[in-house]
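Worksheet: the structure to be examined is printed underneath.
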Amino acid sequence: MDNLYTKLLSFERFRTSSVSDRNIISEAESDRGRLLFCAAFRRLQQKAQVFSMEPNAAVRSRLTHSLEVSQMGRYIADQLSIKLINLEWATKDECSALVTFVETACLMHDIGNPPFGHFGEAAISEWFRTKGCDKIIQACSAGKSGALGHDDPRIVNALADFLEFDGNPQGLRVVTRLQRNSDEFGLNLTKTTLASYLKYVRSNLSIPNGDLNSPFLKKCGYFSTEANIVSDIWKEFNYSKPQRFPLAYIMEAADDIAYCISDLEDSIEKGLLEKSLAFNEIYDEWYSYYSLLEKKCDVTNSINEILVFAKSGCRANKDEFTYTDFRTSLNRVLVNYCVSQYIENHESILSGTLISIIPSNSSAGKILDILKSYCRSKVYCHESVQKVELAGYHAIYGLLEQFSCLIECCAERFSLSLDYSQNKDHNDVPIVIEKKILSLFPKNYIKVYKDELAKLVITDNPSFRT
């Protein structure tokens, strides 16, 4: 496996960095810095993990969750690096860079999530499903003969990103386009970091050719507007078809471990759950699985011991066993398990065919599934959570309704609206709301729009550009 990770850890960027004489370590660190200092990352502090608009500062936001996921990813990658070096599959410098690449992918894993998480995604998708088509047709047909039909492929393509709106593809768009500095390349991250971020490997327009139940295809991983970017990433690693990148397995595992444990902790912190009762119920569910196992491996026995301590609140020697002890003990077991799975299934990981480094039929997968199920049944459905999520859904839906005038207006009126000094369009109709709304948009986003507009080709319908 000579030079294996030399090929995997590419520091190729879409635009060559103006700083020369960098090595793989400094290039990986540069990615981390670019991500940490960008505005989109800071905005995560205003987005909730589970509990929106939470006054208790101890409860996690998307920002603190992302920091914890990055630490978990770093923990896994650190332990994995020891194995890779001992096996002579990678050098120390390569492993140092690998850790940082994983950490950066973990930091950005939620960067595309809208406010209110999945409810926010649902609000965006539903609004465009019910109203988007008519709004676009109205804009493109204004003052012109021959109205466009709902099945027009241009309409279908224009709506596709919104109908399957998701934080994962939006995150890729954020870092590759919207976080514009001085050109079209966004943060201009390395292709290794971007590949490590891609949890799903299909676009919103592609139809999976293989297993429709594949976990890598079940959701959209990138929008059609970033298809060329993803294609270039696959080419960098000589992939003949889309596949999951090895480091993306670590990013996914880090997120699964972190959120399962932290959501439970936040629920206890808020008083929605009583810790002793919660651990007793969790242990009962675990024991129904554990007791039926004919063979119990070290991982299984370690998890059982941790849950016994958590249930009783003390260790075998009667020392107190706190939630922090539960979290750190379980993290340690799960991290070591992930590392062993990565090494044992190395070829499948390199080929992108392994389902997960925490398989659902393993003891590690079982405890995470129990924690997820418990939070679904006891926390996510709690009245206080549901009220805020419903309010968030209507807030986002309502904002889209207010912003819909931007979709309704024709290309000429929209262009004039970008200039705040313009008060009327070419038909002498006052421009009032549109320009005020556009003034709220980040200036970088407007620059990105103008950059992309300049690349488009005007078709027979000037309101539609391809």
Side-chain angles (χ1 to χ4, degrees), residues 10-19 22 24-49 60-74 97 99-117 120-121 161 165-199 221-223 225-226 229-230 232-233 245 247-248 251 254-255 258 439-452:
S10 166
F11 51 78
E12 183 74 18
R13 301 180 188 276
F14 285 89
R15 174 180 48 76
T16 303
S17 175
S18 59
V19 179
R22 277 180 173 164
I24 189 65
I25 297 175
S26 56
E27 292 285 6
E29 287 290 349
S30 177
D31 275 6
R32 184 176 180 274
R34 293 169 193 229
L35 193 282
L36 280 171
F37 286 102
C38 80
F41 184 72
R42 294 193 296 275
R43 290 190 187 108
L44 292 175
Q45 66 186 316
Q46 298 295 335
K47 298 178 184 178
Q49 173 59 11
R60 292 162 176 83
S61 66
R62 285 283 174 182
L63 180 63
T64 50
H65 166 67
S66 296
L67 292 171
E68 291 180 351
V69 173
S70 75
Q71 174 57 29
M72 188 61 59
R74 188 176 188 92
V99 171
T100 305
F101 281 129
V102 168
E103 184 179 4
T104 304
C106 290
L107 284 169
M108 64 187 277
H109 84 283
D110 270 351
I111 204 166
N113 282 23
F116 305 101
E121 293 169 342
D161 290 356
F165 186 85
D166 185 88
N168 290 292
Q170 179 66 12
L172 185 67
R173 175 181 284 172
V174 166
V175 299
T176 60
R177 293 187 186 275
L178 297 181
Q179 289 302 292
R180 185 184 189 279
N181 181 24
S182 58
D183 56 32
E184 63 187 276
F185 300 107
L187 296 180
N188 196 33
L189 300 174
T190 63
K191 294 178 182 180
T192 294
T193 290
L194 296 175
S196 302
Y197 167 82
L198 286 168
K199 186 175 179 180
Y222 55 95
F223 293 133
T225 47
E226 283 69 59
I229 291 174
V230 175
D232 283 344
I233 293 171
F245 189 67
L247 304 191
M251 180 272 292
D255 184 30
S439 71
L440 301 176
F441 281 47
K443 291 182 174 58
N444 273 353
Y445 290 14
I446 300 296
K447 289 179 181 178
V448 170
Y449 166 75
K450 291 180 176 179
D451 286 346
E452 293 301 311

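Only this structure's heavy atoms are used, side chains among them; waters, hydrogens and symmetry mates stay out.
- Note on Glu184 versus Arg15: no salt bridge recorded, every NZ/NE/NH1/NH2 to OD/OE distance being 4.0 Å or above.
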**Study point:** Verdict with reasoning, Phe245 to Leu198, per side-chain contact (heavy atoms from CB on, under 4.5 Å)
**Key:** CA-CA 8 Å; Phe245 189 67; Leu198 286 168; over 6 Å; no
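- At a threshold of 4.5 Å between non-hydrogen side-chain atoms, the residues Glu103 and Glu29 do not count as touching.
- Taking NZ of Lys199 as the start and CG of Asp255 as the end, the distance is 6.0 Å to the nearest 0.5 Å.
- Residues that satisfy the side chain to side chain donor-acceptor pair (under 3.5 Å) test with Asn168, not counting sequence neighbours, are Asp166.
- Between Ser17 and Arg22, the shortest heavy-atom contact is OG-NH1, 3.3 Å.
- No hydrogens or angles considered: nothing links the side chains of Thr104 and Asp31 as a donor-acceptor pair under 3.5 Å.
- The distance from the CG atom of Leu36 to the CZ atom of Arg42 is 10.5 Å, given to the nearest 0.5 Å.
- One N or O on the side chain of Ser196 and one on the backbone of Thr192 form a donor-acceptor pair closer than 3.5 Å.
- How far CZ of Phe41 is from CG of Leu107: 5.0 Å, rounded to the nearest 0.5 Å.
- Considering all non-hydrogen atoms of both residues, Ala258 and Val69 come closest at CB-CG2, 3.7 Å.
- Between Asn181 and Asn444 the shortest side-chain heavy-atom distance does not fall below 4.5 Å.
- Smallest separation of non-hydrogen atoms from Val175 and Leu35: CG1-CD2, 4.2 Å.
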Practice item. Evaluate the side-chain contact (heavy atoms from CB on, under 4.5 Å) criterion for residues Arg173 and Asp161: first the C-alpha distance (whole Å), next the side-chain angles of each, then the deciding distance (0.1 Å), finally the verdict. Key: CA-CA 11 Å; Arg173 175 181 284 172; Asp161 290 356; 2.7 Å; yes
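- Residues Ala248 and Ala195 share a closest heavy-atom pair of CB-O, 4.1 Å.
- Between Arg180 and Asp451 a salt bridge is recorded (basic side-chain N to carboxylate O distance below 4.0 Å).
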Check your understanding: Are Phe165 and Phe223 close enough, and set up right, to give a side-chain contact (heavy atoms from CB on, under 4.5 Å), and what steps lead you there?
Key -> CA-CA 9 Å; Phe165 186 85; Phe223 293 133; 3.9 Å; yes
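- Here the CG-CD1 distance, from Leu194 to Ile229, works out to 8.0 Å after rounding to the nearest 0.5 Å.
- Side-chain contact between Arg177 and Glu226 is present, with at least one heavy-atom pair separated by less than 4.5 Å.
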Point to revise | Residue pair Cys106, Met72: steps toward the side-chain contact (heavy atoms from CB on, under 4.5 Å) verdict | key: CA-CA 9 Å; Cys106 290; Met72 188 61 59; over 6 Å; no
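- For the residue pair Thr193/Thr190, the side-chain donor-acceptor check at 3.5 Å is satisfied.
- No side-chain donor-acceptor contact under 3.5 Å links His65 to the backbone of Arg62.
- Minimum interatomic distance between Gly167 and Glu121 (heavy atoms only, all atoms of both residues): N-OE2, 2.7 Å.
- Of all non-hydrogen atoms in Cys38 and Gln179, the two that sit nearest each other are CB-OE1, 3.6 Å.
- Ring pair Phe14/Phe185 is parallel by interplanar angle, where below 30° counts as parallel and above 60° as perpendicular.
- Atoms CG and CD1, from Leu44 and Ile111 in turn, are 6.0 Å apart once rounded to the nearest 0.5 Å.
- Using a 3.5 Å distance cut-off with no hydrogens or angles, the side chains of Arg74 and Ser70 do not pair a donor with an acceptor.
- The CD atom of Gln170 sits 6.0 Å away from atom CG of Leu178, with the distance rounded to the nearest 0.5 Å.
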